[in-house]
Number of protein chains: 2
Amino acid sequence: MPALVEQKCEACRADAPRVADDELPALLKEIPDWQVISDDAVLKLSKVFNFENYADAITFTNRTTDLAEKEDHHPAILLEWGRVEVTWWTHKIGGLHKNDFIAAAKTDKLNT
Amino acid sequence: MPALVEQKCEACRADAPRVADDELPALLKEIPDWQVISDDAVLKLSKVFNFENYADAITFTNRTTDLAEKEDHHPAILLEWGRVEVTWWTHKIGGLHKNDFIAAAKTDKLNT
């Protein structure tokens with residue numbers, strides 16, 4: 001199995017499978033800094049990226065929106081001064097698809 | 001008194017005055033679509049802007065970050081597909097300064 005960061009998000013249907021609970025540990029091992037959060041019973045992947053100034057936070061936001069367009073998968077991006085919180089989940093299935101883990105791994109790469 | 005949109009944010013000190021409760025109605029009249037929300041007892045101004053696609057939401061986000069740099073006042077911007085939520089408050093005083101109302105009025109102008 002290739003690393004998450006080398007995979008591509010697949011078009012997601014409403015009946016696509018959510019990631020099963022027993023698959024989570026192996027997937028999270030590749031993105032250890034991401035938190036699984038429950039937002040109104042919808043599981044999401046979230047991570048805060050800190051920056052020294054506003055310009056760097058904006059640059060990272062722009063890279064993340066470029067990634068979103070490329071993968072055709074769109075996260076919530078909360079941009080503040082020196083801080084960007086990125087949250088991935090799959091709206092259509094109301095939870096986490098493997099796409100979200102791939103996108104999270106690729107988001108990490110944007111900050112290196 | 002000039003309209004909010006014609007004023008400029010002033011540098012804000014930790015001992016700058018919060019907007020008093022009895023000043024709120026007149027200020028909110030100029031930005032009628034903004035909500036005053038209480039976030040952990042900190043009052044903030046928040047508004048959701050909806051867009052037909054991701055590109056328009058990104059364009060509006062970029063305009064808002066440009067405004068933030070120009071005013072040297074930085075909001076929380078929550079960007080999702082077709083939706084941007086902008087929240088203004090003054091961190092230093094833990095609440096709303098007149099700057100936030102000026103910034104909100106100018107944010108509305110970015111979407112016209």
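Throughout, protein chains are lettered first and strands after them, A, B, ... in sequence-line order, and every chain is numbered starting at 1.
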query = Between A/K8 (side chain) and A/I102 (backbone), is there a donor-acceptor pair under 3.5 Å?
reply = no
message = I'd like to know if the side chain of B/R63 and the backbone of B/L110 have a donor-acceptor N/O pair within less than 3.5 Å.
response = yes
key: Charged N-O contact under 4.0 Å between B/K44 and B/D100   = no
ask   = Given the options B/N62, B/T64, B/T65, B/I58, which has more heavy-atom pairs under 4.5 Å with chain A than any of the others?
value = B/T65
message = Grouping I, L, V, M, F, W and Y whenever their side-chain heavy atoms are under 4.5 Å apart, do A/Y54 and A/F49 come out in a common cluster?
response = yes
query = With hydrophobic residues grouped by side-chain heavy-atom distances under 4.5 Å, do B/L4 and B/L24 end up in a single group?
reply =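 Per the 4.5 Å side-chain linkage, B/L4 and B/L24 are co-clustered.
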query = Under 6.0 Å from the CD atom of B/E23, do we count more than 12 heavy atoms belonging to anything else shown?
reply = yes
remark   = Under a 4.5 Å heavy-atom criterion, the part of residues 74-90 of chain A in contact with chain B comprises A/H74, A/P75, A/A76, A/I77, A/L78, A/L79, A/E80, A/W81, A/W89
